[in-house]
Q: 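If you scroll down you'll find the structure; I have some questions about it.
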Protein chains: 2
Amino acid sequence: MEQPKANRREVQKAETRILILESARKLFKTQDYDTVTIRGVAALARIGLGTIYKHFPNKLSLLAAAFSDDLKKLYQDAMATVPDNQSFQTQFIHISKRFFTFYTTHYSLSRAYLSHMFFYEQEWLDEINDFDDSYAQKMAELILAAQDRGEINPEKDCHILALALMSNYFFVLANCFLRGKMTDPDKLAALLETLVEQTLL
Amino acid sequence: MEQPKANRREVQKAETRILILESARKLFKTQDYDTVTIRGVAALARIGLGTIYKHFPNKLSLLAAAFSDDLKKLYQDAMATVPDNQSFQTQFIHISKRFFTFYTTHYSLSRAYLSHMFFYEQEWLDEINDFDDSYAQKMAELILAAQDRGEINPEKDCHILALALMSNYFFVLANCFLRGKMTDPDKLAALLETLVEQTLL
DNA sequence: TTTATTCAGAGAACATGTTCACTTAATAAA
DNA sequence: TTTATTAAGTGAACATGTTCTCTGAATAAA
């Protein structure tokens, strides 16, 4: 059964949504989260203030939507460039460093995105958790391969190990915001590497 | 040099501050963070709305101040009740579980407190980081004792290991808010124990 | 003691996220 | 084709965090 062709209303609504997202991305990328106002986004998009709320339930969701394509792309990019012929630790640090670079490059935006994570609408929470699960699964696969190579103790559960490594990663990322704006991805990666060595031994 | 006796102004200001904190604690404990309004706190304390801002720079700081004594007490309590004649793992889980119990008992408040952590005024950030450092130091001591007992590999750096375990703890705590309101401290403790085993092996 | 200064407190004013009542173009029904 | 319904868009209204101007009690200075 062919999906019905979008009617004019649906087309226009989608166009308005794109306008909003483009304007939001522009403002969120160049200003602090708190400085960006819904009024500002509406003005830049040349739409009514209330229209934003026809598309997004709140400012946070707008931020998440504006950000989510970047993150998906980043994830795919990081995974596509994982070096095959290196140790798991090198692989893991490579992936993590890609994220550190993104987050530190967009400091204010990332701070807002990450810190409000607990308050996202369920829809976004589901998406974030799916992403985390997918990431953990990918890590588990890389760990399994490393175990087959005899690089990591095969008695360790690769899924649990993946979660432990993820927690190391999030801890380091959190410290980026908690401790004097640590904005060098290399330093973050180095700290993570220190933690990871303890976990992998 | 004896500190000068507080004049009437300082005494009254301190009294007002206590009134504010008591009212804030009452409201934050019984309502969602977002439901508690500065106007509500002011009304309960029977003071002017602007007065709150003479004492606290913003709502978040008010929350942190209202909460901080509880957390300090909790920390001291947890440390005072660490079982001496048990394995490090048991000790670590005991401490963590005390925190899990507190956070899950005050779910909404904790969610707000933890999620806004990246946005605290520097004063509070310093306090939080001091607390974390102190906690990490204490963990390192417990680890060192366990290494002396031959319980943990003595080749591992106890300070790095403490940080790795802390990251496990924070990861589990974060998942409390991200994944369908996991509100059973026993379950959180069990998940943490799974992760810790990987890190300690 | 009187006068001048300071600052804690008050509440009006402001800024911004959000809601809501209204409008009208688009779509469906008759 | 005409009429009825729907929903995207609008901006006024509202709620709440915060700022700001003013007041007067407390303190310092003369």
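Bear in mind that the values here come from a model prediction, so they are computed numbers and not experimental data.
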Q: For Arg8(B), look at atom CZ and say whether over 12 heavy atoms of other residues, nucleotides or ligands are found less than 6.0 Å away.
A: no
Q: Pick one: which of Asp34(B), Asp32(B), Thr35(B), Thr30(B) meets side chain to side chain donor-acceptor pair (under 3.5 Å) with Ser108(B)?
A: Asp32(B)
Q: Nearest heavy atom decides the nucleotide; on that basis, is Gly50(B) or Thr51(A) closer to the 5' end of DNA chain D?
A: Thr51(A)
Q: Among residues at least two apart in sequence or on other chains, which ones pass salt bridge (charged side-chain N to carboxylate O under 4.0 Å, His left out) with Asp133(A)?
A: Arg179(B)
Q: Is it true that the side chains of Thr104(A) and Asp184(A) contain a donor and an acceptor less than 3.5 Å apart?
A: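 Note: Thr104(A) and Asp184(A) side chains miss the donor-acceptor criterion.
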Q: Is there a donor-acceptor pair under 3.5 Å between the side chain of Lys29(A) and the backbone N or O of Ala24(A)?
A: no
Q: Can you list the residues that meet the salt bridge (charged side-chain N to carboxylate O under 4.0 Å, His left out) rule with Lys72(A), with sequence neighbours excluded?
A: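 Salt bridge (charged side-chain N to carboxylate O under 4.0 Å, His left out) list for Lys72(A), sorted by chain: Glu127(A).
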Q: Chain B on DNA chain C: first and last contacting nucleotide, 5' to 3', under 4.0 Å to a heavy atom?
A: dT6(C) to dA13(C)
Q: Collect all protein-nucleotide pairs involving nucleotides 22-24 of chain D in which both atoms are nitrogen or oxygen and the distance is under 3.5 Å.
A:
none

Q: Glu22(A): which residues meet the salt bridge (charged side-chain N to carboxylate O under 4.0 Å, His left out) condition with it, sequence neighbours left out?
A: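 Salt bridge (charged side-chain N to carboxylate O under 4.0 Å, His left out) check on Glu22(A) returns nothing, list empty.
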Q: Partners of Asp186(B) by salt bridge (charged side-chain N to carboxylate O under 4.0 Å, His left out), sequence neighbours excluded?
A: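 Lys97(B).
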Q: Measure the distance from NZ on Lys13(B) to P on dA25(D) and round it to the nearest whole Å.
A: 19 Å
Q: Return the set of residues passing side chain to side chain contact (heavy atoms under 4.5 Å, CB included) with Leu49(A) (not counting sequence neighbours), or none when no residue passes.
A: Ile38(A), Arg39(A)
Q: To the nearest angstrom, how far is Gln12(B) atom CD from dT27(D) atom C1'?
A: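 From Gln12(B) CD to dT27(D) C1': 12 Å.
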Q: Show every side chain to side chain donor-acceptor pair (under 3.5 Å) that has at least one partner inside residues 79-88 of chain A, sequence neighbours left out.
A: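 Listed once each, the pairs are Thr81(A)-His94(A), Thr81(A)-Arg98(A), Ser87(A)-Thr90(A).
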Q: Under 4.0 Å, heavy atom to any atom of DNA chain C: which of residues 36-49 of chain A qualify?
A: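 Nucleic-acid contacts, sorted: Val36(A), Thr37(A), Ile38(A), Arg39(A), Leu49(A).
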Q: Ser134(B) and Tyr75(B): side-chain hydrogen bond (donor to acceptor under 3.5 Å, both in side chains), yes or no, with the steps?
A: CA-CA 10 Å; Ser134(B) 160; Tyr75(B) 173 73; 3.0 Å; yes
Q: Tell me every residue that passes ring-ring contact (aromatic ring centres under 6.0 Å, His included) with Tyr135(B), counting only those two or more places apart in sequence or in another chain.
A: none
Q: Take atom CG of Leu62(B) and atom C1' of dT18(D), then tell me their distance rounded to the nearest Å.
A: 13 Å
Q: Expressed in angstrom and rounded to an integer, what is the separation of Ile52(A) atom CD1 from dG11(D) atom C1'?
A: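 That distance rounds to 13 Å.
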Q: With sequence neighbours excluded, what pairs up with Ile152(B) under the side chain to side chain contact (heavy atoms under 4.5 Å, CB included) test?
A: Phe88(B), Ile143(B), Ala146(B), Gln147(B), Leu161(B), Leu200(B)
Q: From CD of Glu10(B) over to C1' of dT27(D), roughly how many Å is that when rounded to an integer?
A: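 The answer, rounded to whole Å, is 11 Å.
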Q: Name the residue closer to the 5' end of DNA chain D, choosing between Asp34(B) and Arg8(B) according to the nucleotide with the nearest heavy atom.
A: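 So the residue in question is Asp34(B).
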Q: Arg17(A) CZ to dG9(D) P: how many Å, rounded?
A: 12 Å
Q: Quantify the bending of the helix from dT1(C)-dA30(D) to dA30(C)-dT1(D) as the angle between its end axes, each fitted on five pairs, to 10°.
A: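 Axis-to-axis angle, ends of the helix: 0°.
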